[in-house]
Amino acid sequence: MRLARIAHPTGVAFVVIEGTGDGSADTDDLVAKEILDHPFGVPEFTGREWPLGQTRLLAPILPSKVVAVGRNYADHAAELGNAVPEEPLIFLKPSTSVIGPGAPILLPPSSSRVEFEGELAVVIGRPCRDVKAENAQSVILGYTVANDVTARDLQRADVQFTRGKSFDSFCPIGPWIETELDPTDVEIRTELDDEVKQDGHTSDMVHSVAAQIEFISAIMTLLPGDIILTGTPAGVGQMVAGQTVSVTVEGIGTLTNPVLDR
């Protein structure tokens with residue numbers, strides 16, 4: 001099931017997306033069926049629906065927090081000259097960094113090198129704490145596509161990650177949440193102006209999705225809608241104004257955002 005959040009002709013709604021296509025083409029045969037209240041639990045439909053082309057996809061969820069895992073692919077750690085951590089290396093991105101498909105990534109004037117990082121994202125489905133890895137699936141609502149946008153020069157200057165990861169628009173997610181996905185071996189591909197820059201698989205993660213949930217939930221309570229960014233494969237690189245970046249996760253779809261100066 002594909003859960004989304006849309007702007008429709010009379011407002012905003014959570015919906016289930018039905019039909020074929022990945023949301024990246026105007027000809028996709030997709031219909032948005034409105035859900036009553038929220039996307040958690042068994043959906044109850046209102047009876048209203050719209051062709052997806054007559055709506056605008058928004059960020060599929062508004063998390064209370066985004067927890068990201070760094071250096072979770074050995075090839076990415078190596079390309080930046082970093083060692084692979086023995087435990088998940090986590091950091092936070094603020095909820096104000098979240099944007100949806102088609103919204104612009106805004107390059108701040110304080111950075112001269114902003115980079116893309118295509119990732120699989122986990123969406124939490126219920127409040128949880130101290131979740132064991134073997135029970136991780138029970139707290140997952142689904143999965144979406146993310147771009148962990150990073151001001152690399154600021155990250156390196158600060159050593160820690162907060163400033164370089166936290167600017168408004170630095171966490172695009174979408175196009176929707178896929179509830180039926182096996183995350184153990186799916187392809188992650190990032191294209192910059194239609195040129196493939198990243199092409200990896202989640203099977204190369206150092207710490208699995210389940211291991212990440214166990215580690216993070218031992219530190220903090222995770223709430224419904226919270227996002228975990230699970231790491232990026234090798235091939236990260238700079239974006240400049242006027243370019244377009246697209247991240248595709250196999251089994252979910254494609255997230256595309258233009259790049260503009262702020």
Subject >> Residue pair Leu58 / Phe14, side-chain heavy-atom distance below 4.5 Å >> reply: no

Original post:
Should Ile216 and Val209 be regarded as members of a common hydrophobic cluster, given that ILVMFWY residues are connected when their side-chain heavy atoms come within less than 4.5 Å of each other, either directly or indirectly?
Top reply: yes

Original post:
In terms of side-chain geometry, is the basic nitrogen of Arg163 or Asp158 positioned less than 4.0 Å from the acidic oxygen of its partner?
Top reply: yes

Subject >> Distance-only donor-acceptor check, side chains Thr144 and Glu178, under 3.5 Å >> reply: no

Original post:
Can Leu120 and Ile252 be said to form a side chain to side chain contact (heavy atoms under 4.5 Å, CB included), step by step?
Top reply: CA-CA 9 Å; Leu120 171 71; Ile252 302 177; 3.8 Å; yes

Original post:
Listed by chain and number, what are the side chain to side chain donor-acceptor pair (under 3.5 Å) partners of Ser64, not counting sequence neighbours?
Top reply: Asp226

**OP:** Decide yes or no for Glu79 and Asp75: does some side-chain heavy atom of the first lie under 4.5 Å from some side-chain heavy atom of the second?
**Re:** no

**OP:** Report the distance from atom CG of Leu154 to atom CZ of Phe161, rounding to the nearest 0.5 Å.
**Re:** 13.0 Å

Original post:
Side chains of Lys165 and Thr150: donor-acceptor distance under 3.5 Å anywhere?
Top reply: yes

Subject >> Glu18 and Lys33 ion-paired at < 4.0 Å >> reply: yes

**OP:** Please check if the side chain of Ser169 supplies one atom and the backbone of Leu106 the other of a donor-acceptor pair under 3.5 Å.
**Re:** yes

Subject >> Member of Thr248, Val247, Leu255 meeting the side chain to side chain contact (heavy atoms under 4.5 Å, CB included) criterion with Thr190 >> reply: Val247

Original post:
How far apart are the C-alpha atoms of Arg156 and Asp153, what are their side-chain angles, what is the distance that settles it, and do they pass the side chain to side chain contact (heavy atoms under 4.5 Å, CB included) test?
Top reply: CA-CA 5 Å; Arg156 286 172 172 153; Asp153 51 349; 5.9 Å; no

Subject >> Pairing residues for His8 by the side chain to side chain donor-acceptor pair (under 3.5 Å) criterion, not counting sequence neighbours >> reply: Thr10

Original post:
Is there a path from Val16 to Val31 through hydrophobic residues (I, L, V, M, F, W, Y) whose side chains come within less than 4.5 Å of each other?
Top reply: no

Original post:
In terms of hydrophobic clusters joined by side-chain contacts under 4.5 Å, are Phe215 and Leu89 together?
Top reply: no

Original post:
If you measure from CG on Asn72 to CG on Asp204, what distance do you get to the nearest 0.5 Å?
Top reply: 10.5 Å

Original post:
Under 3.5 Å, side chain of Gln243 to main-chain N/O of Val240, donor-acceptor pair present?
Top reply: yes

Subject >> ring pair (Phe, Tyr, Trp, His ring centres under 6.0 Å) partners of Phe170, counting only residues at least two apart >> reply: Phe167

**OP:** Working to the nearest 0.5 Å, report the span between OG1 of Thr55 and CD1 of Ile17.
**Re:** 6.5 Å

Original post:
Side chains of Val123 and Ile227: does their closest heavy-atom pair fall under 4.5 Å?
Top reply: yes

**OP:** Determine the minimum heavy-atom distance between Val98 and Ala59, stating which atoms define it.
**Re:** CG1-CB, 3.8 Å

**OP:** With side chain to side chain donor-acceptor pair (under 3.5 Å) as the test, would you mind laying out the steps for Gln198 and Thr232 before giving the verdict?
**Re:** CA-CA 9 Å; Gln198 293 182 280; Thr232 193; 2.8 Å; yes

**OP:** For Gln160, look at atom CD and say whether over 12 heavy atoms of other residues, nucleotides or ligands are found less than 6.0 Å away.
**Re:** yes

Subject >> Glu134 atom CD, over 12 foreign heavy atoms within 6.0 Å >> reply: yes

Original post:
Below 4.5 Å, heavy atoms only, C-beta onward: do Val42 and Glu44 meet side chain to side chain?
Top reply: no

Subject >> Full working for side chain to side chain contact (heavy atoms under 4.5 Å, CB included) between Lys65 and Met220 >> reply: CA-CA 11 Å; Lys65 55 186 172 291; Met220 66 189 78; 3.7 Å; yes

Original post:
Looking at residues at least two apart in the chain, or sitting in another chain, which of them share a side chain to side chain donor-acceptor pair (under 3.5 Å) with Glu115?
Top reply: Arg113, Arg152

Subject >> Minimum side-chain heavy-atom gap Thr184-Thr202 below 4.5 Å >> reply: no

**OP:** Find out whether Ser138 and Arg126 are in side-chain contact, i.e. whether some heavy atom of one side chain is under 4.5 Å from a heavy atom of the other.
**Re:** yes

**OP:** Could you state whether Val139 and Ile228 fall into the same hydrophobic cluster, counting links through intermediate Ile, Leu, Val, Met, Phe, Trp or Tyr residues with side-chain heavy atoms under 4.5 angstrom apart?
**Re:** yes

**OP:** Please answer whether the main-chain N or O of Asp193 pairs with a side-chain N or O of Thr244 as donor and acceptor at a distance below 3.5 Å.
**Re:** no

**OP:** Compare every heavy atom of Thr179 with every heavy atom of Leu141, then report the nearest pair and how far apart it is.
**Re:** O-CG2, 3.4 Å

Original post:
Among all residues two or more places apart in sequence or in another chain, which pass the side-chain contact (heavy atoms from CB on, under 4.5 Å) test with Thr221?
Top reply: Arg129, Leu223

**OP:** Mind listing the closest non-hydrogen atom pair of Pro183 and Leu181 along with its distance?
**Re:** CD-O, 3.4 Å

**OP:** Taking all heavy atoms of Arg71 and all of Ala77, pick out the closest pair and write down the distance.
**Re:** CB-CB, 4.1 Å

Subject >> Distance, nearest 0.5 Å, that separates CG of Leu192 from OG of Ser246 >> reply: 9.0 Å

**OP:** Would you mind telling me which of Val245, Asn257, Leu229 makes a side chain to side chain contact (heavy atoms under 4.5 Å, CB included) with Asn147?
**Re:** Val245

Subject >> Any Ile6 side-chain heavy atom under 4.5 Å of Trp50 side chain >> reply: yes

Original post:
Is the shortest distance from a Lys or Arg side-chain nitrogen in Arg189 or Glu187 to a carboxylate oxygen in the other one below 4.0 Å?
Top reply: yes

Original post:
So which heavy atom on Pro224 is nearest to which on Gly125, and how close?
Top reply: CB-O, 4.0 Å

Original post:
Taking atom CD1 of Ile90 and atom CD1 of Ile219, what is their separation to the nearest 0.5 Å?
Top reply: 4.0 Å

Original post:
Between Phe40 and Ile61, is any pair of side-chain heavy atoms under 4.5 Å apart?
Top reply: yes

**OP:** Please confirm whether the backbone N or O of Val149 pairs with a side-chain atom of Lys93, one donor and one acceptor, at under 3.5 Å?
**Re:** yes

**OP:** Calculate, to the nearest 0.5 Å, the distance between atoms CZ and CG belonging to Arg5 and Leu57 respectively.
**Re:** 10.5 Å

Original post:
So with a 6.0 Å cut-off around CG of Asp130, is the heavy-atom count from everything else above 12?
Top reply: yes

**OP:** If a pair satisfies salt bridge (Lys or Arg N to Asp or Glu O under 4.0 Å) and one of its residues is in residues 249-262, list it, with sequence neighbours excluded.
**Re:** none

**OP:** Please check if any side-chain donor atom of Glu34 sits under 3.5 Å from a side-chain acceptor atom of Thr46, or the reverse.
**Re:** yes

Subject >> Verdict with reasoning, Val249 to Val186, per side chain to side chain contact (heavy atoms under 4.5 Å, CB included) >> reply: CA-CA 7 Å; Val249 175; Val186 296; 4.0 Å; yes

**OP:** Measure across His201 and Tyr73 and return the closest heavy-atom pair with its distance rounded to 0.1 Å.
**Re:** O-CE2, 3.3 Å

Subject >> In one Ile/Leu/Val/Met/Phe/Trp/Tyr side-chain cluster, 4.5 Å: Leu222, Val69 >> reply: yes

